[in-house]
Amino acid sequence: MSKFKLALIQLKAGLDKSDNVKRAIQFIKSAVVDHQASVVALPECFNSPYGTQYFAKYAETIPGPTTDALSAAAKEHKIYLVGGSIPETSDGKLYNTSTVFGPDGTMISSFRKVHLFDIDIKGQMTFKESDSLSPGSTFCMFDTEHCKIGVAICYDIRFAEMAMCYARAGCKVLIYPGAFNMTTGPKHWKLLQQARALDNQLYVAAVSPARDEKASYVAYGHSAIINPWADVLAEADETEQIVSAEIDLEFLDKVRNQIPISKQKRDDLYKIESLAKTIPANQ
Ligand SMILES: NC(=O)CC(=O)C(=O)O
């Protein structure tokens, strides 16, 4: 069980929620039949366009119609399914939430985006998820017969500590449903995946919606799977498609044995107090 196939579905999500879900389910079948995937992931906000003006309108409870469809698909195809994310409504609040289903269709975990995407790059990209969403405050990791897999959403990939926590907890694959944009995507999307893969010597997969030039928020696309050596194993262009790659846990062990950084960490030094001791008092 040291090898398995991971497939990412770069879905084009439009205004019609039921059509988005229907097409996601068709693509899941194709990920299994055409790519022999046993772990499949959908993009961030796959049942709704991405934008603060849409979250309330498209939000559902969990469980709800969208997650019921995901559960049935996971059961039908006997796969682990990382259900991208959907706008979730709970106790009068909205969250950007990912759900994970096991091969029997049971929801085995869920995750609410913990770092909300609030940025302001004047004249290029201003976005304030916190205008409508609330952040989650727990992580999400699930066991498979292959390895532990961690899930986080989009902006969460910028926070190296979070990936490190997952790695230290034993995850060997991190899956990020995400929707970077045309300002940050070309510069940061792949670099961040490679950085997290290399920092933690694990596999990183990031799965975007396909690009829709007419949408109010234009997603970058380029879903990708990176190995622990930071090689790009698979990368989409901007169009709707599936990309897949083999996850090889023996290769991961080889990299970790060759460059054994996790055993060489100096946790005794990684504290602000250790800096204070180094800096002469008069500076
Ligand atoms: N959309 C996001 O959450 C993050 C993003 O686009 C970025 O970090 O850049």
Side-chain angles (χ1 to χ4, degrees), residues 8-14 20 41-59 82-88 93-99 110-140 150-164 166 174-199 204-224 226 235-238:
L8 311 179
I9 297 172
Q10 185 164 288
L11 187 81
K12 193 163 179 174
N20 294 335
L42 289 164
E44 181 176 24
C45 231
F46 79 91
N47 72 351
S48 145
Y50 183 70
T52 47
Q53 70 275 39
Y54 298 114
F55 296 144
K57 184 167 169 219
Y58 285 75
V82 177
S85 78
I86 63 168
E88 178 200 2
K93 289 183 179 169
L94 296 172
Y95 300 92
N96 187 341
T97 304
S98 186
T99 47
S110 67
F111 173 77
R112 291 169 170 164
K113 188 173 188 173
V114 297
H115 302 97
L116 294 183
F117 179 47
D118 287 358
I119 68 164
D120 187 13
I121 308 170
K122 297 259 181 293
Q124 294 187 69
M125 173 51 58
T126 299
F127 204 94
K128 202 151 179 249
E129 264 187 334
S130 64
D131 275 347
S132 57
L133 300 182
S134 298
S137 50
T138 53
F139 288 6
C140 157
V151 177
I153 300 176
C154 202
Y155 197 56
D156 290 324
I157 200 172
R158 292 188 181 273
F159 298 86
E161 294 88 342
M162 186 176 184
M164 197 174 73
Y166 278 134
L174 300 183
I175 298 179
Y176 292 92
F180 271 40
N181 51 78
M182 297 307 294
T183 301
T184 59
K187 194 77 187 159
H188 298 159
W189 172 249
K190 191 156 70 183
L191 190 60
L192 283 162
Q193 293 169 57
Q194 289 178 301
R196 297 296 83 88
L198 200 57
D199 289 343
V204 171
V207 48
S208 170
R211 193 176 305 166
D212 177 358
E213 302 283 358
K214 295 194 209 85
S216 56
Y217 179 94
V218 181
Y220 177 54
H222 289 266
S223 300
I226 314 294
E235 183 181 0
D237 59 16
E238 71 284 7

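Computed over heavy atoms, backbone and side chain alike; hydrogens, waters and symmetry mates excluded. For ligands, and for the atoms within them, numbers begin at 1 and follow the listed sequence.
- Of the listed options H188, M182, R158, R158 places a heavy atom closest to atom 7 (C) of ligand 1.
- Here's the thing with F117: none of its N/O atoms is less than 3.5 angstrom from an N/O atom of ligand 1.
- The shortest N or O to N or O distance between N181 and ligand 1 is under 3.5 Å.
- Residue contact check: K113 has heavy atoms under 4.0 Å from atoms 2 (C), 3 (O) of ligand 1.
- Set against the non-hydrogen atoms of Y217, the atoms of ligand 1 under 4.0 Å away are 1 (N), 6 (O).
- Under the 4.0 Å criterion applied to side-chain N and carboxylate O atoms, D156 and R158 are not assigned as salt-bridge partners.
- At a 4.0 Å heavy-atom cut-off, ligand 1 does not touch F127 at all.
- At the top of the distance list for atom 2 (C) of ligand 1, counting protein heavy atoms only, stands C154 SG, 2.9 Å.
- Heavy-atom proximity to Y155, at under 4.0 Å, picks out these atoms of ligand 1: 2 (C), 3 (O), 4 (C), 8 (O).
- Note: Y50 and Y217 have perpendicular aromatic rings, judged against thresholds of 30 and 60 degrees for the angle between ring planes.
- Salt-bridge check for K113 with E129: passed, with a basic side-chain N closer than 4.0 Å to an acidic carboxylate O.
- With 3.5 Å as the limit, one finds a donor-acceptor pair spanning the side chains of H222 and E235.
- Heavy atoms of W189 come nearer than 4.0 angstrom to ligand 1 in no pair at all.
- No side-chain donor-acceptor contact under 3.5 Å links E44 and S85.
- Among the atoms of T184, some N or O lies under 3.5 angstrom from an N or O of ligand 1.
- In this structure, Y166 contributes its side chain and V151 its backbone to a donor-acceptor pair below 3.5 Å.
- No option in F117, F127, Y176 other than F117 meets the ring pair (Phe, Tyr, Trp, His ring centres under 6.0 Å) test with Y155.
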